[in-house]
Amino acid sequence: MRQRREAGSVATRFPEVASIIMNMTYNQKGTISILRTFHFTPSSYAFFTVNCLRQDCIDGGFDLNQVITAMIKNRKVDAKGTLSCKGTYSPTNHSDIAYEVAIQYT
């Protein structure tokens with residue numbers, strides 16, 4: 001929670017942004033894929049890191065802060081990509097996401 005507060009709000013960090021929608025498909029070996037959607041408004045925290053869903057993953061997750069910041073800097077409205085969890089867990093590449101980000105500007 002501390003990291004979220006320190007990130008500030010979307011309105012404070014990115015006043016030109018009206019909304020950010022992030023769709024991600026979470027893939028973990030041995031399970032079905034999970035679709036998750038995150039909607040960020042101007043009052044939302046400007047913290048774009050999603051935790052790994054694997055319970056035994058340590059310090060894992062998916063950091064989309066650089067992706068979204070670069071999109072805003074370049075006024076891009078959409079982007080797609082993949083990220084692998086960087087957490088410490090014995091099997092490598094134990095989970096990944098495919099993401100789509102859409103940004104609306106004011």
Side-chain angles (χ1 to χ4, degrees):
M1 192 61 171
R2 179 183 55 81
Q3 290 176 316
R4 290 174 195 257
R5 284 192 301 269
E6 289 175 356
S9 70
V10 170
T12 301
R13 288 203 44 215
F14 309 110
E16 68 276 28
V17 171
S19 74
I20 301 169
I21 298 175
M22 181 172 61
N23 293 309
M24 59 179 258
T25 302
Y26 176 84
N27 302 298
Q28 180 177 301
K29 292 183 178 182
T31 65
I32 60 169
S33 297
I34 299 170
L35 177 63
R36 298 177 75 187
T37 300
F38 299 87
H39 186 199
F40 300 91
T41 64
S43 62
S44 300
Y45 290 115
F47 184 76
F48 311 112
T49 300
V50 179
N51 291 333
C52 180
L53 295 179
R54 190 169 185 106
Q55 291 181 344
D56 48 3
C57 181
I58 300 169
D59 295 326
F62 308 94
D63 186 353
L64 284 105
N65 284 291
Q66 290 181 338
V67 170
I68 292 173
T69 300
M71 286 178 68
I72 295 168
K73 180 181 176 184
N74 296 306
R75 290 205 54 99
K76 288 185 69 176
V77 295
D78 57 16
K80 295 180 182 183
T82 59
L83 292 173
S84 294
C85 181
K86 301 298 182 196
T88 54
Y89 176 74
S90 54
T92 57
N93 298 325
H94 62 272
S95 61
D96 60 59
I97 61 167
Y99 64 85
E100 295 181 12
V101 177
I103 300 177
Q104 290 184 331
Y105 296 92
T106 55

**OP:** Check whether more than 12 heavy atoms from other residues, nucleotides or ligands sit under 6.0 Å from atom CG of Asp59, and answer yes or no.
**Re:** no
What's the separation between atom [atom1] in [X] and atom [atom2] in [Y], rounded to the nearest 0.5 Å?
| X | Y | atom1 | atom2 | value |
| --- | --- | --- | --- | --- |
| Tyr26 | Leu35 | OH | CG | 14.0 Å |
| Arg36 | Thr25 | CZ | OG1 | 11.5 Å |
| Ser33 | Asp96 | OG | CG | 8.5 Å |
| Asp78 | Ile21 | CG | CD1 | 12.0 Å |
| Ile103 | Ile72 | CD1 | CD1 | 4.5 Å |
| Thr49 | Gln66 | OG1 | CD | 10.0 Å |

Subject >> Exam field: side chain Asn74 to backbone Lys76, donor-acceptor pair closer than 3.5 Å >> reply: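 Flag not set: sc Asn74 to bb Lys76 has no pair under 3.5 Å.
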**OP:** Kindly give the heavy-atom pair with the smallest separation between Arg13 and Ala46, and that separation in Å.
**Re:**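 What the structure gives for the nearest pair is NH1-O, 3.3 Å.
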Are side-chain heavy atoms of [X] and [Y] found at a separation under 4.5 Å?
| X | Y | answer |
| --- | --- | --- |
| Tyr105 | Val17 | yes |
| Cys57 | Ser95 | no |
| Ile20 | Val101 | yes |

**OP:** Quick one: do Met24 and Leu83 satisfy side-chain contact (heavy atoms from CB on, under 4.5 Å)? Show the steps, please.
**Re:** CA-CA 10 Å; Met24 59 179 258; Leu83 292 173; over 6 Å; no
Subject >> Residue that, paired with Phe40, satisfies ring pair (Phe, Tyr, Trp, His ring centres under 6.0 Å) out of Phe48, Tyr45, Phe14 >> reply: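 Result for ring pair (Phe, Tyr, Trp, His ring centres under 6.0 Å) with Phe40: Phe48.
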Original post:
Mind checking what makes side chain to side chain donor-acceptor pair (under 3.5 Å) contact with Thr12, not counting sequence neighbours?
Top reply: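 Applying side chain to side chain donor-acceptor pair (under 3.5 Å) to Thr12 gives Ser9.
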Original post:
Do Ile32 and Val50 sit in the same hydrophobic cluster, where Ile, Leu, Val, Met, Phe, Trp and Tyr count as joined when their side-chain heavy atoms come under 4.5 Å apart?
Top reply: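 Different clusters.
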